[in-house]
Enquirer: 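Dumping the structure here so I can ask a few things about it.
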Amino acid sequence: MPPASDICDLTLAALAEKLGQREISSVEATEAALARTRAIEPKVHAFLHLDETATEAARASDARRAKGEARSPLDGVPIGLKDIFVTEGLPTTAGSRILEGFVPPYDGTAVARLRARGAVITGKLAMDEFAMGSSNENTPFTPPRNPWDLGRVPGGSSGGSAAAVAAREVFGALGTDTGGSIRQPAALCGIVGLKPTYGRVSRYGVVAFASSLDQVGPMARTTEDCALLLQAIAGHDPLDSTSADLPVADYSAAVGRGAGGLTLGVPDEYFGAGLDPEVESGVRAALARLEAAGARVKRVSLPHARYAVAAYYIVATAEASSNLARYDGVKYGRRAPGARSLHEMYLRTRAEGFGPEVKRRIMLGTYVLSAGYYDAYYLKAQRVRTLIRRDFEQAFSEVDAIVGPTSPTPAFRFGEKLADPLQMYLADIFTIACNLAGLPGLSVPCAFTRDGLPVGVQFIGKPWGEPVLFSLGAALDRDLSLHSLRPPL
Ligand code: GLN
């Protein structure tokens, strides 16, 4: 048996292969992952809840293998979940004090599908409160750190998932992405993250932030690993009326296809002022590599992209103000003690339970939906959303994918953007349009800065265009092999 630290260095696909050959057992892999997690968590803080009983699931997986009854390539693979996924018997906080003590009675669909395919869940990962943020600083708990530089943020809101994958505590994780929350932390932590097409993965059993934008997706060290995870969780779910009843492609086949013959659109709007020069050169170098591998590159224009952040913060806060109305101290989690009336109990529970950013968004969202302002803000934002979608439709009449930076900067320092919400909101300037248009987006590591910080390139696809994104990401992974670099922990 290889030493435990070497097991943790395997990609998810490599581990799956070794489990299949029975060179490594799931118990060995799970114990290695738990040991590494215990050893480095005091530095990384990616976990909100570590499930020490995970070895039981690993033992069951090994028993299936021994009988030739493995359920999928993921059978026996240790995986982490952003703490936004409802998990039977495991605490689920969505990063908020208001859900403290909540232990759900069921698994959401994506989690149930992972378990049905034999994956071993090792725990729940840190996030910005209710997925609102880009740094993991919006939290009442200890924020996770960026494994490449512990003085910097891992990004957000799925920052704990990105940090845990980058630090090799898990072989893959699930996150959610409403405006960039899978792709931006993936870019900042040097891993791969996919936001699938809206409707590709069920949202049943995922704590809702903004229901018309939220989408579940995989995070892992390589594109190939993300393809394996998406294969397990994608597909129609009668329990989520927004999940699409469309066939699921063979994603692993797409991984091997290469970049040859694909036309890549480069939008002028994604390379303007505010873009860090080292991010720009990393992304341009990746484009040159893909061109050398046989892709064609073409300029495209997304003229309404500049309104994406503004439209998003109206639509997302409006939906959040409605979704978060359910946290009232009655149904789940925390209830403020000592109230003398029902009304006072609601007020005190929400005042104590929600953090400042969540309160800011509930107020903003309530305002843009209120009589007299609805037309001026909410309706207008929905119209802008349509224009943004049409920009993409126009561009996709000429190209197979759109390429640009994932984040305008590499990982920033703790505290750097905390005092100015607008600066924090701008961290998602290149990821938000995808959510507004419902499109898939993949972030793949493409470079490191002189300070040793990862840079991510983003591929945006047509609806249901995940296979094209996987072909491009995997071509880059094979070419650059950045996933073999380890953070200096
Ligand atoms: N950072 C963005 C926000 O704060 C996006 C978050 C997300 O995708 N969940 O809303």
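Bear in mind the structure is a predicted one, so any value in this text is a computation, not a measurement. Counting starts at 1 for both ligands and their atoms, in listed order.
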Enquirer: Without hydrogens or angle criteria, can the side chains of Asp428 and Ser134 be said to hold a donor-acceptor pair below 3.5 Å?
Expert: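 Present: a donor and an acceptor within the cut-off.
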Enquirer: What atoms of ligand 1 come within less than 4.0 Å of a heavy atom belonging to Tyr313?
Expert: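 In order of numbering, the contacting atoms are 2 (C), 3 (C), 4 (O), 10 (O).
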Enquirer: Is the closest heavy-atom distance from Gly133 to ligand 1 below 4.0 Å?
Expert: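 Yes, Gly133 has heavy atoms under 4.0 Å from ligand 1.
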Enquirer: Give a yes-or-no answer on whether the side chains of Thr87 and Lys124 include a donor-acceptor pair shorter than 3.5 Å.
Expert: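 Distance-only check passes for Thr87 and Lys124.
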Enquirer: Is it the case that atom OH in Tyr377 sees more than 12 heavy atoms from other parts of the structure closer than 6.0 Å?
Expert: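 Open.
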Enquirer: Using a 4.0 Å cutoff against the non-hydrogen atoms of Met132, which atoms of ligand 1 qualify?
Expert: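 The list of qualifying atoms is 4 (O).
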Enquirer: Compute whether any side-chain donor of one residue and acceptor of the other, for Lys82 and Ser161, lie under 3.5 angstrom apart.
Expert: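 Side-chain D/A pair, Lys82 to Ser161: absent.
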Enquirer: I'd like to know if the side chain of Arg183 pairs up with that of Asn435 as donor and acceptor (distance under 3.5 Å, no hydrogens or angles considered).
Expert: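 A donor-acceptor contact under 3.5 Å links the two side chains.
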Enquirer: Please check if atom OH in Tyr106 has more than 12 non-hydrogen atoms from other residues, nucleotides or ligands closer than 6.0 Å.
Expert: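 More than 12 within 6.0 Å, yes.
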Enquirer: Quick test of your reading of the model: are Arg36 and Glu169 salt-bridged, counting only N-O distances below 4.0 Å?
Expert: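 Answer for the salt bridge query: no.
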Enquirer: Check if Arg361 has a non-hydrogen atom at a distance under 4.0 Å from any atom of ligand 1.
Expert: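 True for this residue.
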Enquirer: Which option, Tyr312, Tyr425, Phe130, owns the non-hydrogen atom nearest atom 10 (O) of ligand 1?
Expert: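 Among Tyr312, Tyr425, Phe130, the closest heavy atom to atom 10 (O) of ligand 1 comes from Tyr312.
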Enquirer: Tell me which one of Leu489, Thr449, Leu485 satisfies side chain to side chain contact (heavy atoms under 4.5 Å, CB included) with Trp148.
Expert: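 The passing option is Leu485.
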Enquirer: Which heavy atom of the protein is the closest neighbour of atom 1 (N) of ligand 1, given with residue, atom name and distance?
Expert: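 Here the nearest protein heavy atom works out to Asp428 OD2, 2.5 Å.
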Enquirer: Does ligand 1 come near enough to Ala131 that some N or O of the ligand is less than 3.5 Å from an N or O of the residue?
Expert: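 Yes, there is a polar N/O contact under 3.5 Å.
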Enquirer: What protein heavy atom sits nearest atom 7 (C) of ligand 1, and how far off is it?
Expert: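 Atom 7 (C) of ligand 1 sits closest to the protein heavy atom Ser181 OG, 2.3 Å.
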Enquirer: Is the closest N or O pair between Gly156 and ligand 1 shorter than 3.5 Å?
Expert: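 No; every N/O pair is 3.5 Å or more apart.
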Enquirer: Please determine if Thr178 has a nitrogen or oxygen closer than 3.5 Å to a nitrogen or oxygen of ligand 1.
Expert: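 Thr178 vs ligand 1: N/O contact under 3.5 Å present.
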Enquirer: Is it true that Asp128 and Ser157 share a donor-acceptor pair across their side chains at a distance under 3.5 Å?
Expert: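 Side chains of Ser157 and Asp128: no pair found under 3.5 Å.
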Enquirer: Less than 3.5 Å between some nitrogen or oxygen of Phe209 and one of ligand 1, yes or no?
Expert: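 Among all N and O atoms of Phe209, none is under 3.5 Å from an N or O of ligand 1.
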Enquirer: Can you list the atoms of ligand 1 that are under 4.0 Å from a heavy atom of Gly179?
Expert: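 Close to Gly179: 5 (C), 7 (C), 8 (O).
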Enquirer: Geometry only, no angles: is Ser134 polar-contacting ligand 1 at N/O separations under 3.5 Å?
Expert: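 Yes; at least one N/O pair falls below 3.5 Å.
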Enquirer: Run the numbers for me: atoms of ligand 1, each under 4.0 Å from some heavy atom of Ser157, listed by number.
Expert: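 Contacts of ligand 1 toward Ser157, numbered from 1: 9 (N).
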